[in-house]
2 protein chains.
Amino acid sequence: MAEKNQHHHGNLRPALIDAGIEVLKAEGLSALSLRKVAAIAGVSHAAPAHHFDGKNGLLLAIAAEGFRTFIRYMEESRAVAGPAPQAKLLGICHGYLSFAKDHDALFQLIFSPDIKNNTDTELTDAAQRAFGVLADTCALFEPSPSHPQGNEMMVWSLVHGFATLRRFHQTVPPTSNQPIQFSDILPRLTPRK
Amino acid sequence: MAEKNQHHHGNLRPALIDAGIEVLKAEGLSALSLRKVAAIAGVSHAAPAHHFDGKNGLLLAIAAEGFRTFIRYMEESRAVAGPAPQAKLLGICHGYLSFAKDHDALFQLIFSPDIKNNTDTELTDAAQRAFGVLADTCALFEPSPSHPQGNEMMVWSLVHGFATLRRFHQTVPPTSNQPIQFSDILPRLTPRK
DNA sequence: GCTTCTATCTTTACACTGTAAAGTTTGAGG
DNA sequence: CCTCAAACTTTACAGTGTAAAGATAGAAGC
């Protein structure tokens with residue numbers, strides 16, 4: 001490894017992003033601080049400022065990386081699903097939900113309104129590619145009569161809300177104690193012929 | 001008013017909660033601090049500690065208050081809707097979405113996983129009552145064949161995801177620029193006879 | 001080979017945050 | 001009138017983001 005204990009770290013930027021993801025996994029979003037990731041990477045606390053424009057910049061970079069693994073989750077889950085359109089759609093959603101479960105804090109971050117994005121193309125590109133994965137799968141079905149993107153928004157809202165509320169129910173327990181599967185609430189769409 | 005400029009404020013607890021909601025409206029969740037609400041209420045920065053168990057306690061109290069106005073939004077929106085079950089359901093959802101739009105930061109707070117709830121009955125009661133408003137309206141329809149609470153969870157996930165993604169699209173703009181209405185993605189349920 | 005220069009990182013400093021502990025005031029009860 | 005307890009203040013401390021100035025090392029030019 002490029003373990004130079006000198007002044008120049010070598011590839012500090014990705015190291016800081018990795019450290020950030022590490023903190024997210026271990027202690028959650030609220031525990032993520034510039035000084036902590038700097039300490040993990042073995043540099044001074046002010047070093048991150050030269051690679052990211054403040055804390056928000058680090059969050060943007062981590063979020064972009066998060067979106068990329070988010071995409072991977074959906075694509076891999078779709079790949080192992082059956083060939084039928086409905087199976088592929090459910091596969092995407094299961095990937096969505098698996099990501100939310102496996103990367104709790106990262107999921108919180110990438111959809112957090114706290115990260116102010118001012119034309120960060122790296123983030124918006126990754127986010128729109130993530131939406132594209134879902135849109136492509138929705139294109140296998142007849143479009144919604146009410147709106148050209150009706151199916152996308154319906155499925156996207158449904159799975160996102162489901163994931164978010166499942167997180168919420170860890171804090172405020174639901175009234176019912178019968179666990180519900182996502183496939184129970186996903187409507188059947190009519191495949192395109 | 002009970003404007004005593006002495007040592008004892010009189011009713012500091014609700015004043016701090018109001019100050020917190022005021023900050024949320026003006027500057028957002030990230031700008032909410034104990035010291036700031038204390039300053040607004042005109043007390044020393046450590047005063048809140050005697051009424052709430054730390055910052056999380058204040059957040060819990062604000063969130064409980066937030067859930068109560070959240071309930072009011074849904075009930076009032078249902079009241080002005082038509083008598084048909086589907087109209088009432090759509091009314092609830094519009095109240096849901098109006099609240100999310102009018103009280104952006106408060107909406108973020110009440111569904112934030114950062115507020116750690118350790119058997120705070122005030123919050124859980126309000127939250128479960130909010131869910132009850134939606135459940136009551138869903139009871140007007142035939143139950144989902146797949147799960148007794150299938151309709152509730154479907155509608156709840158749908159509207160919550162829609163609200164969240166609308167917030168998200170303020171940061172990352174959507175690929176399509178044709179605005180979509182919630183009524184376009186809400187499925188028609190079959191009313192109970 | 002030597003100098004210069006620039007990106008990278010460090011040091012120092014400051015305002016702000018939450019929290020704990022000890023001190024002060026005020027109003028109520030004996 | 002005295003005591004006392006609740007409400008609030010004061011003081012202190014560790015942690016945070018950020019800005020500015022200083023140090024270092026590798027590259028670029030000659």
Side-chain angles (χ1 to χ4, degrees), chain A residues 1-20 22-24 26-63 105 109 112 114-118 120, chain B residues 1-20 22-24 26-63 105 109 112 114-118 120:
Chain A
M1 306 309 191
E3 285 298 333
K4 325 167 127 182
N5 51 356
Q6 269 92 340
H7 231 249
H8 281 49
H9 182 282
N11 52 350
L12 182 53
R13 202 187 129 101
L16 290 170
I17 294 176
D18 288 350
E22 183 183 329
V23 172
L24 285 182
E27 307 175 68
L29 179 54
S30 58
L32 180 63
S33 74
L34 285 176
R35 293 170 110 103
K36 192 176 284 182
V37 298
I40 292 175
V43 293
S44 82
H45 69 266
H50 290 263
H51 294 276
F52 310 98
D53 185 21
K55 183 177 185 180
N56 191 61
L58 173 65
L59 294 182
L60 286 174
I62 294 177
L109 172 63
S112 167
D114 290 335
I115 55 174
K116 307 291 182 198
N117 175 21
N118 306 326
D120 181 296
Chain B
M1 305 304 196
E3 283 297 332
K4 325 164 128 182
N5 53 356
Q6 269 91 341
H7 230 250
H8 280 49
H9 181 283
N11 51 350
L12 182 55
R13 202 187 130 100
L16 290 170
I17 294 174
D18 288 351
E22 183 184 329
V23 172
L24 285 183
E27 308 175 67
L29 179 55
S30 58
L32 180 62
S33 75
L34 285 177
R35 294 172 110 103
K36 191 176 284 183
V37 297
I40 293 175
V43 293
S44 82
H45 69 266
H50 289 263
H51 294 277
F52 309 99
D53 187 21
K55 182 177 185 180
N56 191 61
L58 174 65
L59 294 182
L60 286 174
I62 294 177
L109 171 64
S112 167
D114 289 334
I115 56 175
K116 306 291 182 198
N117 175 24
N118 305 326
D120 180 295

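All chains are named by letter (A, B, ...) in the order of the sequence lines, taking the proteins before the strands, and each is independently numbered beginning at 1.
Separating the CG atom of B:Asn56 from the P atom of C:dT17 is a distance of 18 Å, rounded to the nearest angstrom. Atom pair B:Arg13:CZ and D:dA7:P shows a separation of 11 Å (rounding to whole Å applied). Separating the CG atom of B:Leu34 from the C1' atom of C:dA20 is a distance of 13 Å, rounded to the nearest angstrom. We find that NZ of A:Lys55 is positioned 8 Å from C1' of D:dT16, with the value rounded to whole Å. Taking atom CG of B:Leu16 as the reference point, atom P of D:dT9 lies 10 Å away to the nearest angstrom. Rounded to an integer number of Å, the gap from CG of A:Leu58 to P of D:dT18 is 10 Å. Note: CG (B:Asp53) to C1' (C:dA20) measures 12 Å, nearest angstrom.
Among the nucleotides C:dC9, D:dC8, D:dT16, the one closest to the side chain of B:His51 is D:dC8. Distance from the side chain of A:Ala46 is smallest for C:dT11 among the nucleotides C:dT8, C:dA21, C:dT11. Each of C:dT10, C:dG18, D:dC8 was ranked by its minimum atom distance to the side chain of A:Ser44; first place goes to C:dT10. Side-chain proximity of B:Arg35 to the nucleotides D:dT9, C:dC9, D:dA12 is greatest for D:dA12. Nearest to the side-chain atoms of A:His50 among the listed nucleotides D:dC8, C:dT19, C:dC9 stands C:dC9.
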Trace of the side chain to side chain contact (heavy atoms under 4.5 Å, CB included) decision for B:Ile17 with B:Phe52
CA-CA 10 Å; B:Ile17 294 174; B:Phe52 309 99; 3.8 Å; yes
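Side-chain atoms of B:His45 stay outside donor-acceptor range of the base of D:dT10, with no qualifying N/O pair under 3.5 Å.
Nearest approach of B:His45 to B:Ala38, heavy atoms of both residues: CA-CB, 3.8 Å.
In this structure, CG in B:Asp18 is found 9.0 Å from CG in B:Asn11, a value given to the nearest 0.5 Å. How far CG of B:Leu58 is from CG of B:Leu32: 6.0 Å, rounded to the nearest 0.5 Å.
Mapping A:Lys36 and A:Ala49 onto DNA chain D by nearest heavy atom places A:Lys36 at the nucleotide closer to the 5' end.
No more than 12 heavy atoms of other residues, nucleotides or ligands sit less than 6.0 Å from atom CG of A:Asp53.
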